[in-house]
Amino acid sequence: MTAYAIPYPFLAMWEDAAFGTLWFYGVMILALFLLGRFSIRRRQVKVMFAGNAISLLVSLLCAHLFQTEKWLWYFKPFSPAQMLLLLTTVIILAECFACFTKRGAYEKNDSSK
C-alpha cells in the first residue's frame, strides 16, 4: 500500500511540463501495472482501488502545491486536476480490465478441477 502513496500521475505530469519528456508516463504505467498485478495475484482488489485513490489524492495535493503558471496552459484542453483525474481513470479502467480477465482465468481453472 505504501508504494501507491507515490504520486505517479503528478510526477509524470511534472516531468512532462518541466522537461518536455514523456518517459515518466512509461514509468508510471509500469509501476502501477506491477502494483495492480501484485494486488490481483494476492486477490487484494480492494487494496488496489484504495491505493489508486491514495495516489490520486496525493497527486492532486502535489499539483495544488507545486504547479507553476506553465501548468495552467500546458495540458490544454484539460486543467492539471482534470488531467490527473483522466490519467487515474484510465489506470483504474485498465486495472479493472486486468482484474476481470484474471478472475475469468481463475474461474476456468476452478471449473476444470
Side-chain angles (χ1 to χ4, degrees):
M1 185 69 110
T2 305
Y4 273 112
I6 298 171
Y8 295 106
F10 167 76
L11 292 174
M13 288 173 55
W14 181 77
E15 186 77 24
D16 185 12
F19 302 109
T21 61
L22 301 176
W23 73 271
F24 207 83
Y25 287 107
V27 172
M28 173 191 70
I29 291 168
L30 179 64
L32 292 173
F33 170 77
L34 293 174
L35 287 170
R37 185 175 171 106
F38 181 73
S39 297
I40 291 169
R41 276 196 168 170
R42 298 196 65 194
R43 297 183 184 197
Q44 303 263 332
V45 178
K46 291 179 185 177
V47 171
M48 180 179 67
F49 289 120
N52 281 318
I54 290 169
S55 181
L56 173 64
L57 291 175
V58 173
S59 291
L60 286 171
L61 177 66
C62 288
H64 178 71
L65 294 175
F66 299 112
Q67 74 181 2
T68 63
E69 187 175 309
K70 183 177 183 179
W71 281 51
L72 300 176
W73 58 267
Y74 191 78
F75 299 107
K76 290 287 184 194
F78 302 108
S79 70
Q82 291 172 332
M83 185 68 170
L84 286 170
L85 287 170
L86 177 69
L87 285 173
T88 304
T89 302
V90 169
I91 290 165
I92 290 172
L93 289 174
E95 288 176 342
C96 285
F97 178 75
C99 182
F100 289 126
T101 57
K102 191 69 170 177
R103 183 176 293 165
Y106 285 135
E107 290 172 0
K108 287 179 185 176
N109 289 338
D110 289 342
S111 65
S112 64
K113 291 182 181 179

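Values reported hereafter were calculated over all heavy atoms of this structure, with side chains retained and with hydrogens, waters and symmetry mates removed.
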Partners of Thr2 by side chain to side chain contact (heavy atoms under 4.5 Å, CB included), sequence neighbours excluded? none
Indicate every side-chain donor-acceptor pair of residues 4-14 with a distance under 3.5 Å to a residue at least two apart or in another chain.
from, atom 1, to, atom 2, distance (Å)
Tyr4, OH, Gly36, N, 3.4
Tyr8, OH, Ala3, O, 3.2

Under the ring-ring contact (aromatic ring centres under 6.0 Å, His included) test, residues paired with Tyr74 that sit two or more places apart: none
Side-chain donor-acceptor pairs of residues 75-85 under 3.5 Å, sequence neighbours excluded:
from, atom 1, to, atom 2, distance (Å)
Ser79, OG, Gln82, N, 3.2
Gln82, OE1, Ser79, N, 3.0

Has Lys46 got more than 12 heavy atoms of other residues, nucleotides or ligands less than 6.0 Å from its NZ? no
Each residue besides Phe33 in its hydrophobic cluster should be listed here, by chain and number; the cluster joins Ile, Leu, Val, Met, Phe, Trp and Tyr at side-chain heavy-atom distances under 4.5 Å. Leu30, Leu34
Using the test side chain to side chain contact (heavy atoms under 4.5 Å, CB included), find all partners of Leu93 that sit at least two apart in sequence or belong to another chain. Thr89
Do Thr21 and Asp16 have side-chain heavy atoms sitting under 4.5 Å apart? no
Is there a donor-acceptor contact under 3.5 Å from the side chain of Lys70 to the main chain of Ala18? no
For Gln67, the side-chain hydrogen bond (donor to acceptor under 3.5 Å, both in side chains) test, sequence neighbours excluded, returns none
May I have all residue pairs that pass ring-ring contact (aromatic ring centres under 6.0 Å, His included) and include part of residues 40-69, sequence neighbours excluded? none
Check whether any side-chain heavy atom of Phe38 lies under 4.5 Å from a side-chain heavy atom of Leu35, and answer yes or no. no
